[in-house]
Amino acid sequence: MSGIYVYSDRLEIAAELIGFAKSGGQAAYALCFSQAEADQLASRGADKVIYLKGDSPLPENYGKALADYLKEQDAELLVVGATARGRDMAARVAGYLDCGMVSDVAALDYSNGQLNTERIIYGGAVVQSETISGFCVVTVAGGKFSPVSGQAEIKTVAVQADPRVTLVETAPITKEGVDLKQAASVVCVGLGLEKEADLKMARDLADVLNAELGCTRGISEERHWLPVEQYIGISGAVIKPQLYISMGVSGQIQHIFGVRDAQFIVAIDSNEKAPIFKFADYGIVGDMYEIIPLLTETLKA
Amino acid sequence: MSKIIACYKWVADEADIRINPDQSVDITKAKGKISDYDKNAIEAAVEAAGKLGGQAVTLTFGNAGAKPSIKDALSRGPEEAYWVKAAEADQADGAVTARALAAAIQKIGDSSLVICAEGASDTYARQIAPRIGAILNLPVISSVIIMTFEGNSLVATRKLEDSLETVKVELPAVVAVLPEANNPPLPGLKAVMAAGKKPLTEYSAADLGIDFKPRNQVVAVKGYVMNRKNIIFDAGDSVSRVKELAAALRKEGVL
């Protein structure tokens, strides 16, 4: 069955990818590796749900089986949700089939057998446009397309899972109450903060704004003042709040990548040449130890 | 002795990239550096060699400009360096890079572990470890934050979006580590001095028989435009600046 094949370990993203495939008028085949996923996917508007059935609980162990199946089916394109598992699976398939792959695209278009993509490189400074003809793989984050609905038949295909990697245990990550990705406002501290106790100043401002507290990579990974879940940037949280206020953040582009979708960016830093001001809507050049408490007081009033 | 191979990429420092007024990108003045996250891969290889036994080595695929990376990489602890030296590295996509590294890994011979970072700091495409595993038919574990060894097996903890997953594999295997896996120390002067005396093996394209044809065609490279207001309050004292900021945010309706 030639057509667009989609996979995500997240049901919502899978549904969006089906929506993308259908929007171009092509057949959309939704892939999964468990009966439970197959049952859930069956009402999400695919032309068919393909359940590759083997004896491993780890989706990654089906990389080779998936590559072989797609080749056998003469698939046109594999679109995968850009999660940790999805990126891994996608690159394995690309490796087995020695085909092109574009990761984490910001935009994509598939027509007449050609994939056109845009993605961000150099930590956010540059947009690269690429095209690939022939079968290829692309990963895309959730939230880019609208899901569709409709019943689909489930086709079960028995496959061989790779037995070499075995699951020992899985444990949920206990989040410490901070969900930066959902936050409407975020206060962010950078390495300009002199000591850990000064986080209180940032927390006070966050409280007044009903904002979550975030930080740069240096604050969490070098100084260990906040958990890694709270750092914002290309390898950390990518956020889209209405309001982002930074203090003592220089504005390296890896960090800026994580806040580019903020509606308003406010920067407070003592260095007027700090790159953050180029990316800011509003800024104050000044000593944050003076400005932040003043701002907190002003907003309280 | 079995080798533990850390792969790294010599990249242009994005801090030196200039975007011209017409949005064209100028990287000619950018200094090179070992991709930030690859320092974690090198440190992971050194740590793994300490626990597992074997010899930590580095491997890179780059053009002649990657020369300074060799000493830098070796100053971080590995004992030997391997370099696939080819001008074609400049146009390489994920398929070509993985083919080049995989061919070198085969040439190097007896290796128990190949360690990459999740992604490079220039492209952050996160393709290389799974692709190498597929090409060499080795098991792959990505998103790794903890590695322990039991005999000839690796027990690795992966960090996924909402869970920690611990898996086990018998070596050899390919691993992609996250930056949280370790804290690479800055090399000391002694380590830097010693690095110059460590052996380097260069491979040419002909040595490895690599197909350099990229699958992806790059059609445009442009500076990213972020349209922001860039209003800086710099008049008056701190109190009045803060008041102006608060007034502006109220007006925007974000308070």
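Being a predicted model, the structure only gives us computed values, none of them experimental. Here is the naming used below: chain letters follow the sequence lines, and residue numbers restart at 1 for every chain.
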May I ask you to decide whether [X] forms a salt bridge with [Y], counting only side-chain N to carboxylate O separations under 4.0 Å?
X: B:K213; Y: A:D98; answer: no
X: A:E229; Y: B:K159; answer: yes
X: A:E118; Y: B:K222; answer: no
X: A:D88; Y: B:R131; answer: no

By a 4.5 Å heavy-atom criterion (distance strictly below it), what part of [X] contacts chain A: side chain, backbone, both, or neither?
X: B:A125; result: both
X: B:N216; result: both
X: B:T123; result: both
X: B:A173; result: neither
X: B:I128; result: neither

How about [X] and [Y]: do any of their side-chain heavy atoms sit closer than 4.5 Å?
X: B:N137; Y: A:Y96; answer: yes
X: A:E60; Y: B:R158; answer: yes
X: A:E130; Y: B:V219; answer: no
X: B:E14; Y: A:Q254; answer: yes
X: A:E272; Y: B:I232; answer: no
X: A:D281; Y: B:I231; answer: no
X: A:Y282; Y: B:L249; answer: yes
X: B:S121; Y: A:Y122; answer: no

- Query: What residue in B:A15, B:P130, B:S153 has the most heavy-atom pairs under 4.5 Å with chain A?
  - Reply: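 Greatest number of close heavy-atom pairs with chain A: B:P130.
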Top contributor to chain B interface from [options] [non-hydrogen pairs under 4.5 Å]:
options: A:S129, A:A84, A:G100; answer: A:S129
options: A:G63, A:G286, A:S235; answer: A:S235
options: A:P241, A:A171, A:P172; answer: A:A171
options: A:V126, A:L295, A:V102, A:I121; answer: A:V126
options: A:D9, A:I256, A:L299; answer: A:L299

Which heavy atom of [X] sits nearest a heavy atom of [Y], and at what distance?
X: B:V218; Y: A:Q128; value: CG2-NE2, 3.7 Å
X: A:L58; Y: B:E165; value: CD2-OE2, 3.3 Å
X: A:F279; Y: B:N230; value: N-ND2, 4.2 Å
X: B:R228; Y: A:K278; value: CB-O, 4.5 Å
X: B:I135; Y: A:G95; value: CG1-O, 4.2 Å
X: A:R217; Y: B:P179; value: NH2-CB, 3.6 Å

Reported [atom1]-to-[atom2] distance for the pair [X] and [Y], which is rounded to 0.5 angstrom:
X: B:T166; Y: A:L167; atom1: OG1; atom2: CG; result: 8.0 Å
X: A:R10; Y: B:D162; atom1: CZ; atom2: CG; result: 4.5 Å
X: A:L294; Y: B:L245; atom1: CG; atom2: CG; result: 11.0 Å
X: B:L160; Y: A:I173; atom1: CG; atom2: CD1; result: 7.0 Å
X: A:R87; Y: B:S143; atom1: CZ; atom2: OG; result: 8.0 Å
X: A:S185; Y: B:L255; atom1: OG; atom2: CG; result: 8.0 Å

Counting only heavy atoms closer than 4.5 Å, note whether [X] contacts chain B via side chain, backbone, both or neither.
X: A:I291; result: both
X: A:I253; result: side chain
X: A:I265; result: both
X: A:L97; result: neither
X: A:V266; result: side chain
X: A:A280; result: backbone
X: A:A106; result: neither

Could you check whether [Y] and [X], counting side-chain N and O atoms only, form a donor-acceptor pair closer than 3.5 Å?
X: B:S238; Y: A:E290; value: yes
X: A:Q242; Y: B:E252; value: no
X: A:S103; Y: B:Q127; value: yes

- Item | side chain to side chain contact (heavy atoms under 4.5 Å, CB included) partner of A:V165, the single match among B:I141, B:V140, B:L154 |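 Among B:I141, B:V140, B:L154, the one that satisfies the side chain to side chain contact (heavy atoms under 4.5 Å, CB included) with A:V165 is B:I141.
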- Assess whether atom CG of A:N210 is packed by more than 12 heavy atoms of other residues, nucleotides or ligands within 6.0 Å.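 At most 12 heavy atoms, drawn from other residues, nucleotides or ligands, come within 6.0 Å of this atom.
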- Message: Tell me whether the count of non-hydrogen atoms from other residues, nucleotides or ligands lying under 6.0 Å of NZ in B:K51 goes above 12.
- Response: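 Count over threshold, so yes.
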- Task: Apply the test side chain to side chain contact (heavy atoms under 4.5 Å, CB included) to residues A:E169 and B:L164: give CA-CA distance (whole Å), side-chain angles for both, the deciding distance (0.1 Å), then the verdict.
- Result: CA-CA 8 Å; A:E169 64 173 349; B:L164 294 176; over 6 Å; no
- Query: For chain A, which residues from residues 16-30 of chain B have at least one heavy atom closer than 4.5 Å to it?
  - Reply: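 Those residues of residues 16-30 of chain B which have a heavy atom under 4.5 Å from chain A are B:I17, B:I19, B:V25, B:I27.
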- Whether B:R241 side chain and A:V285 backbone form a donor-acceptor pair below 3.5 Å: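 Between the backbone of A:V285 and the side chain of B:R241 there is a qualifying donor-acceptor contact (under 3.5 Å).
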- Take A:I234 and B:Y124 through the side chain to side chain contact (heavy atoms under 4.5 Å, CB included) test and state the conclusion after the steps. CA-CA 9 Å; A:I234 189 165; B:Y124 211 52; 3.9 Å; yes
- Ring-face cation contact, B:Y224 with A:R260, 6.0 Å cut, 45° max: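 Yes - A:R260 lies over the ring of B:Y224, closer than 6.0 Å to its centre and within 45° of its axis.
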